[in-house]
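The shown structure was predicted, so the numbers you read here are calculated from the model rather than taken from an experiment.
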Amino acid sequence: MELLKKSVQSVLEKERIGSPVFLRCVLHVAGDAANLLSSVAEMAALANGWMSSSPERVYAQGDAEAAQVTVMVHYAGGQMALLSVNRVELETAIDIMLVGNKGVIYHETPVGRHYLNATSPQLDDTGELTEAIAQSLESGQPILLED
């Protein structure tokens, strides 16, 4: 995951896609014991690092104990991140589309079905926005974040 962060950050620093305005991230996590809440919180940490303003509101749906959690993060500057974490049987994989005001970054790991040397993303368990996501999942309502 660290290589992905560095790669995207280098593109952002060179302003090749302009300022990020929307992130769609789908993470497939392998294994029945996978913690979907911490995984989606890590995706939120990625999004927060790439967006130019702070998160303002979080809305989550799904069940962290079941197969899928989806989180929408609205940012103070109008940006948005749509994050989905799904429990799968095969291998951990990630699919990212980061839209800027001048271009788009696409990333998929592993790359295609037939790419033999692909490395599955390693999750760091950063915990960013974990409490807000858990509250939204429990209540079924958006959670406003305080600065």
Residue pair [X] / [Y], side-chain donor-acceptor N/O under 3.5 Å:
X    : Y   : answer
S84  : Q68 : yes
Q61  : Y59 : yes
Y106 : D95 : no

Just so I know, are the side chains of [X] and [Y] near enough to count as touching, which here means a heavy-atom distance under 4.5 Å?
X    : Y    : result
L37  : I133 : yes
V29  : N86  : no
L4   : I96  : yes
L145 : V58  : yes
I143 : R57  : no
I17  : V104 : no
L12  : P20  : yes

side-chain contact (heavy atoms from CB on, under 4.5 Å) with H28: of T92, V85, V88, I94, only one passes, and it is V88
With rounding to the nearest 0.5 angstrom, report the [atom1] to [atom2] distance, [X] to [Y].
X    : Y    : atom1 : atom2 : value
S19  : K102 : OG    : NZ    : 9.5 Å
L129 : Q135 : CG    : CD    : 11.0 Å
W50  : C25  : CH2   : SG    : 7.0 Å
L83  : L46  : CG    : CG    : 8.5 Å
M43  : L82  : CE    : CG    : 13.0 Å
F22  : Y75  : CZ    : OH    : 11.0 Å

Which atom pair, heavy atoms only, marks the closest approach of [X] to [Y]?
X   : Y    : value
G62 : L137 : O-CD2, 3.6 Å
L36 : D63  : CD1-O, 4.1 Å
G49 : Q9   : O-OE1, 4.2 Å
P55 : N48  : CG-OD1, 3.8 Å
A81 : A47  : CB-CB, 3.8 Å
A60 : V71  : CB-CG2, 3.8 Å

What do you reckon, is CD of E138 surrounded by more than 12 foreign heavy atoms closer than 6.0 Å? no
Within the supplied structure, the quantity of interest is the number of heavy atoms (other residues, nucleotides, ligands) at a distance under 6.0 Å from E65 CD; does it exceed 12? no
query: Is it true that a side-chain atom of S136 and a backbone atom of Q141 form a donor plus acceptor pair closer than 3.5 Å?
result: yes
Requested in this report: Would you confirm whether R87, through its side chain, and A66, through its main-chain N or O, come within 3.5 Å as a donor-acceptor pair?
Outcome: yes
| Linked, directly or transitively: V21 and V73 (ILVMFWY side chains, under 4.5 Å) | no
- Message: Do V11 and M97 land in one hydrophobic cluster if side-chain heavy atoms of ILVMFWY residues count as linked below 4.5 Å?
- Response: no
